[in-house]
Asker: 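One structure, as structure tokens, below. Some questions next.
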Amino acid sequence: MMDTWEILEGAEENKHVIRVGTRKSQLARIQTDSVVEMLSKRFPSTHFDIVAMSTTGDKILDTALSKIGEKSLFTKELENALERNEVDLVVHSLKDLPTSLPPGFTIGAVCKRENPYDAVVFHPKRYGNTLSTLPEKSVIGTSSLRRAAQLKKKFPHLEFKDIRGNLNTRMKKLDEKEDFSAIILAAAGLRRMGWENRIGQILTSDECLYAVGQGALAIEVRAKDQDILSMVSALQDPETVLRCIAERAFMKRLEGGCSVPVAVNTVVKDSQLYLTGAVYSLDGSDSLKETMQSCINFPQQEVEGPNDDVQHVGITALGVSHQALESAECLGTGLADLLLSKGAKEILTVARQLNDSR
């Protein structure tokens with residue numbers, strides 16, 4: 001008679017194995033673990049192996065992101081592994097993914113969004129402050145042109161300096177030195193790391209619009225891999241995916257990226273998707289900001305048509321109404337066109353040139 005452990009071992013061996021690629025940082029691992037946990041609950045007969053690797057963005061730590069000029073800083077190595085069939089899916093922060101993916105790849109799911117706003121973490125000596133109550137010439141750390149442009153305009157008494165590194169590194173730089181009074185980070189990352197108690201202030205949409213896709217996790221797969229695509233689509237959050245498609249379409253039409261200050265805010269209310277989008281000069285003195293809305297309440301057609309796996313700004317959203325997806329993408333493009341008609345191109349061109357010359 002077989003021992004129990006032999007039966008269990010045999011069952012483990014029969015499990016279908018899916019390899020999941022991730023960056024090596026603690027936050028990336030936490031995010032990937034949460035996705036694997038959700039998938040494991042839905043597919044208990046599948047075993048998920050996590051494969052961690054370093055990316056270019058993890059290695060270049062002495063240069064501001066906006067100066068490196070590489071669109072796929074945190075994704076290229078992971079995509080190479082996906083292409084070589086070394087992994088079957090990759091978990092990313094959606095905001096790290098460019099609006100056009102290389103041929104053969106797609107975002108198969110966008111998970112339910114965490115709080116997309118930015119948060120302020122204060123130096124221990126500055127606890128109890130807000131940005132407005134910090135002393136004159138206090139230095140704020142951020143590597144984001146988008147955050148700096150908006151906050152320079154809102155809080156002219158503060159100074160802004162680049163700070164690079166993963167979350168752990170930045171928190172260490174803040175706490176162990178006297179260089180910064182505070183740093184600005186995405187609230188979502190702090191919450192996922194379990195550091196919510198360090199959030200001294202959440203910036204409202206009046207103070208700082210967020211980055212395209214901020215707070216959402218994306219699962220990238222091979223576009224032709226139907227089995228994996230349908231597996232990960234179980235984690236698709238329809239509201240998040242529609243909001244993020246509108247945001248990504250807005251950025252794509254503006255040709256925005258790390259090297260220009262582009263910011264958004266999206267809200268779904270009464271079947272309407274509201275998108276606010278803005279562009280800024282580097283110092284925030286020049287800006288354009290508008291809001292548009294579009295209906296996203298369409299019935300999901302029962303029949304799977306030939307266009308069922310059409311991509312919208314790099315996203316394949318199985319199980320979400322095509323009309324809603326089209327509506328969200330057109331909203332983003334339409335808002336960008338409105339800003340372009342008012343001079344957005346000029347603002348962004350100057351911002352890009354100034355950033356390149358810094």
Side-chain angles (χ1 to χ4, degrees), residues 93-100 107 110-118 144-147 149-150 153 186-188 202-218 236-258 260-280 284 286-298 310-317 320-345 347-348 351:
S93 291
L94 180 58
K95 73 172 180 178
D96 289 341
L97 282 168
T99 50
S100 298
I107 296 163
V110 181
C111 306
K112 190 170 173 53
R113 196 174 209 167
E114 215 346 320
N115 179 338
Y117 289 96
D118 289 312
S144 155
L145 297 179
R146 170 190 60 81
R147 290 172 181 148
Q150 294 181 80
K153 175 85 167 143
I202 296 264
L203 297 171
T204 64
S205 51
D206 289 339
E207 293 167 319
C208 195
L209 298 181
Y210 43 79
V212 167
Q214 185 158 306
L217 297 182
Q236 194 84 265
D237 182 66
E239 182 176 307
T240 301
V241 85
L242 290 167
R243 288 171 63 189
C244 291
I245 282 172
E247 294 172 16
R248 283 168 67 82
F250 172 72
M251 177 138 101
K252 185 175 184 177
R253 179 56 65 99
L254 289 174
E255 297 176 4
C258 264
V260 286
V262 172
V264 293
N265 182 277
T266 43
V267 180
V268 173
K269 192 179 173 198
D270 302 331
S271 307
Q272 295 284 321
L273 172 58
Y274 295 84
L275 170 65
T276 300
V279 300
Y280 302 89
D286 206 358
S287 65
L288 285 168
K289 177 173 156 186
E290 294 289 346
T291 302
M292 282 172 70
Q293 71 194 77
S294 182
C295 176
I296 50 160
N297 186 19
F298 298 100
V310 164
Q311 287 196 33
H312 296 269
V313 273
I315 298 172
T316 303
V320 182
S321 151
H322 297 314
Q323 287 167 288
L325 296 166
E326 285 289 334
S327 179
E329 186 168 358
C330 289
L331 174 63
T333 309
L335 183 64
D337 285 339
L338 176 62
L339 290 190
L340 287 168
S341 75
K342 296 187 167 199
K345 189 105 189 138
I347 293 176
L348 293 178

Asker: Would you confirm whether Thr240, through its side chain, and Val110, through its main-chain N or O, come within 3.5 Å as a donor-acceptor pair?
Answerer: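 Judged by distance alone, no pair lies under 3.5 Å.
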Asker: Knowing that exactly one of Leu242, Val320, Ile245 qualifies, which makes a side-chain contact (heavy atoms from CB on, under 4.5 Å) with His312?
Answerer: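 Between His312 and the candidates, side-chain contact (heavy atoms from CB on, under 4.5 Å) is satisfied uniquely by Ile245.
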Asker: State whether the side chain of Asn115 and the backbone N or O of Tyr117 hold a donor-acceptor pair below 3.5 Å, judged by distance alone.
Answerer: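 Here the side-chain-to-backbone pair exists.
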Asker: Can a donor-acceptor pair be found, under 3.5 Å and without considering hydrogens, that links the side chain of Arg113 to the backbone of Gln214?
Answerer: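 Indeed, once roles are kept as given, a pair shorter than 3.5 Å links the two residues.
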Asker: Taking the basic N atoms (NZ, or NE/NH1/NH2) and the acidic carboxylate oxygens, is any pair closer than 4.0 Å for Lys345 and Glu255?
Answerer: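 A salt bridge links Lys345 with Glu255.
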Asker: Has Ser327 got a side-chain atom pairing as donor or acceptor with Ile296's backbone, closer than 3.5 angstrom?
Answerer: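 Between the backbone of Ile296 and the side chain of Ser327 there is no qualifying donor-acceptor contact (under 3.5 Å).
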Asker: What's the verdict on side chain to side chain contact (heavy atoms under 4.5 Å, CB included) for Tyr280 and Asp286, showing C-alpha distance, side-chain angles and the deciding distance?
Answerer: CA-CA 6 Å; Tyr280 302 89; Asp286 206 358; over 6 Å; no
Asker: Gln272 side chain to Lys269 main-chain N or O, any donor-acceptor pair under 3.5 Å?
Answerer: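 No; zero donor-acceptor contacts below 3.5 Å.
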Asker: Keeping Ser93 on the side-chain end and Lys95 on the backbone end, is there a donor-acceptor pair under 3.5 Å?
Answerer: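 Here the side-chain-to-backbone pair does not exist.
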Asker: Does a salt bridge link Arg253 with Asp337, judged by any charged N lying under 4.0 Å from a carboxylate O?
Answerer: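 Salt bridge present between Arg253 and Asp337.
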Asker: Using modelled atom types and a 3.5 Å cut-off, is there a donor and acceptor pairing between side-chain atoms of Arg248 and backbone atoms of Leu97?
Answerer: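 Indeed, once roles are kept as given, a pair shorter than 3.5 Å links the two residues.
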Asker: If you compare all heavy atoms of Ala216 against all heavy atoms of Cys244, which two are closest, and at what distance to 0.1 Å?
Answerer: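 What the structure gives for the nearest pair is CB-SG, 4.1 Å.
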Asker: Using a 3.5 Å distance criterion without hydrogens, assess whether the side chain of Gln150 forms a donor-acceptor pair with backbone atoms of Leu209.
Answerer: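 Yes, the answer is positive, given that a donor and an acceptor are paired below the 3.5 Å cut-off.
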Asker: Is the backbone N or O of Asn265 less than 3.5 Å from a side-chain atom of Tyr274, with the two atoms forming a donor-acceptor pair by type?
Answerer: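 Side chain of Tyr274 to backbone of Asn265: no pair is present.
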